[in-house]
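The block underneath contains the structure these notes are about, expressed in structure tokens.
Values below: every heavy atom of this structure, side chains too, minus hydrogens, waters and symmetry copies. Everything numeric in this text was worked out from a predicted model, so none of it was measured. We name chains A, B, ... by the order of the sequence lines, and we start the count at 1 in each one.
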Amino acid sequence: MSLRIYNTLSGKLEEFVPIDPPRVTIYTCGVTVYDDSHVGHGRSLIVFDVFRRFLEHMGYRVRFVRNFTDVDDKIINRAREECAHFMNIANRYIASYYIDMENIRVKPADVEPRVTEHIQEIIEVIRGLIEKGYAYESGGDVYFSVESFPEYGKLSKRNVEELEVGARIEPSERKRNPLDFALWKSAKAGEPAWDSPWGPGRPGWHTECVAMVFKHLGEVIDIHGGGLDLVFPHHENEIAQAEALTGKPFARYWVHNGLVTVGGQKMSKSLGNYVTLREVYTKYHPDILRLLVLFTHYRSPLDFSWEKMEETKRAYERLLSALEELELLKKLPTYEEKGTHPLFERIKEFEEEFFKSLSDDFNTPEALAKVYSLVSELGKVKNRAYSEGKISVQELSAYETAVNSLLKNLRGVFGLLEDYKPECEVKTVVQRELAAGEVLDEKLVELLIEVRDMARKEKAFQIADRIRDGLKDVGIALEDTPAGTKWKRF
RNA sequence: GGCAACGUGGCCGAGCGGCUAGGCGAGGGACUGCAAAUCCCUUUUACGGCGGUUCGAAUCCGCCCGUUGCCUCCA
């Protein structure tokens, strides 16, 4: 099956052809570690996590690199505020990042390089650019000369003249052209600094990614990704440096995810309208965040709200209950039926269409629509089985096949349902943390359900309802089904 | 101001020349001791406005209106 991807560089959907199949190289710009990650970062991380899983699922051997920017102005400022070393700040937020990633189920990249561990490589890139005449040293700084690279602006569809007119870039006597950007910044007093041919200083922002790509993936990579807000200037400046140096296209496909907004406005630190990932995954199961992200196409804006989290939670629970139903259906009396069940055909269609949607520029919302169509089919099966009080062997087998197919694909590609086990309820992170002390509670709930069932058999509904209401007060909901009473926390 | 997107039914959100997206909500029904959950049915001028191309446009083209992003650190 061929995969089509939207390439920011061409502005078109293109068929995905890796340089050296089945090998695929992907680089995405990671976070600057000066604070906790928010939902905007989370979206980007989840989106590329799913791309990577999907490519792996298609049989590609993916090598995935995602960096940490662990030295920059914001980290330095933060360190100054706290009278701490900048590395302490960086290390703290890298640790925090890993906790977030574990909780939102984003797989680690194959290499997760840090800028401070690649200073030498960065210096080599800068040195090469100076040698080839694309960069110049000026008062201890080194700048890339935008005029020297005629294709500058090709990614973000701008031209140098327009940029100069609208330039709000702070003027600097050291720059020849206001659009020139710093590859190396000379150290000011009290700032972290490394030795270089141009004196002590630190790397500018844009060179790090180029140096790390060269080192860990090579001169030309298949996919370079990041948030839409990185297109200009960051990725434009990466292209300028890398291509000036090698004369080859830096990345074959430039892929950018849409931004997360709040009330229509971009979620950002500076606006203060952000919600941290930690806040989300302590309130909701991480699958719900992933589902929220995947319900919108990756290139569209995604407006975050807690109401939407609630909506997504309901959609998630409907999916879960369809899966859990299998164990209850197994308890019904069975009978033999002639022929194969039509549900088997639907499962086959589902799998085909699910991957077809994903192959069309990672259309996850459409893929989810296929998921929910199958879920509806399962609901119909369940309903009929319960109204007849029995289920055919073939139908039960089809239901089980469907559940396994959903589980396999939602786990493998979407990273959902990783902790799902039919006999256990799915818990939020907080619930998991509390789980150790819960065994006793569960026994008590089961005992109460047993007592309630006895009461119901005696038609002592007042007693039965008292138990149900009482459990509701402590956050446990009961559902009576022909196959027995289910309970869950809410 | 420049550049780039986007405007779909109560809300969210796919589709991008002809064929039911899907989710959430709301109303009705089935089921239930009553619920809950689930399923079924309904929510049928849905495609910002005005022109144009076409046998046929939400889907292509033009203009207008509106929203957003980038142009400064940013996933």
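Heavy atoms of A/K308 sit under 4.0 angstrom from primed sugar atoms or phosphate atoms, though from no base atom. Residue A/G30 is classed as a sugar-phosphate contact, given heavy-atom separations below 4.0 Å to backbone atoms only. At the heavy-atom level, A/K380 lies under 4.0 Å from the strands shown only through sugar-phosphate atoms. Nucleic acid contact class of A/A315 (heavy atoms, under 4.0 Å, all strands): sugar-phosphate only. Residue A/R468 is in base contact, counting any heavy-atom pair closer than 4.0 Å across all strands shown. Here A/L45 lies out of heavy-atom contact (under 4.0 Å) with every strand.
Between A/T296 and B/rC12, a side-chain N or O to OP1/OP2 separation shorter than 4.0 Å is absent. Dashed line: the shortest gap from a side-chain N or O of A/R318 to OP1 or OP2 of B/rC39 is under 4.0 Å. In this structure, A/N383 does not reach the B/rC40 phosphate: none of its side-chain N or O atoms is under 4.0 Å from OP1 or OP2. Applying the 4.0 Å criterion to OP1 and OP2 of B/rA4, one finds that A/R158 has every side-chain N and O outside that range.
Of the residues in residues 448-457 of chain A, A/R452, A/R456 come within less than 4.0 Å of RNA chain B through at least one heavy atom, sorted by number.
What separates CZ of A/R290 from P of B/rG23 is a distance of 21 Å, to the nearest Å.
Nucleotides B/rG17 and B/rG1 are separated by 37 Å at their C1' atoms, to the nearest Å. Atom P of B/rA58 sits at a distance of 10 Å from the matching atom of B/rG48, rounded to the whole Å. Comparing the P positions of B/rA46 and B/rC39 gives an interatomic distance of 26 Å, to the nearest angstrom.
Listed nucleotides: B/rA37, B/rA75, B/rG22. Nearest to the side chain of A/H38: B/rA75. Side-chain atoms of A/L230 lie closest to B/rA75 of the nucleotides B/rG69, B/rG33, B/rA75. Checking B/rA14, B/rA75, B/rG25 against every side-chain atom of A/R314, the shortest atom distance belongs to B/rG25. The side chain of A/P233 approaches B/rC71 more closely than any other nucleotide in the set B/rA75, B/rC71, B/rG22. Of the candidates B/rA75, B/rA14, B/rA35, the closest approach to any side-chain atom of A/D480 belongs to B/rA35. Each of B/rG13, B/rG69, B/rU38 was ranked by its minimum atom distance to the side chain of A/Q265; first place goes to B/rG69. Closest to the A/K157 side chain, of the nucleotides B/rG69, B/rA14, B/rC3, is B/rC3. Relative to the side chain of A/F232, the nucleotides B/rC39, B/rC70, B/rG23 differ in distance, and B/rC70 lies closest.
Remark: RNA chain B takes part in the stems B:1-7 with B:65-71, B:10-12 with B:22-24, B:25-30 with B:38-43, B:48-52 with B:60-64, each of 3 or more antiparallel Watson-Crick or G-U pairs, criterion distances under 3.5 Å.
Geometrically, A/K12 does not engage A/Y6 in a cation-pi contact defined by less than 6.0 Å to the ring centre and at most 45° from the axis.
Taking only distance into account, the side chain of A/D465 meets the base of B/rG33 through a donor-acceptor pair shorter than 3.5 Å.
Salt-bridge annotation for A/R4 and A/D361: absent, with no side-chain N of the basic residue lying under 4.0 Å from a carboxylate O of the acidic one.
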Could you please spell out the steps behind the ring-ring contact (aromatic ring centres under 6.0 Å, His included) verdict for A/F54 and A/F51? CA-CA 5 Å; A/F54 179 55; A/F51 283 12; 8.7 Å; no
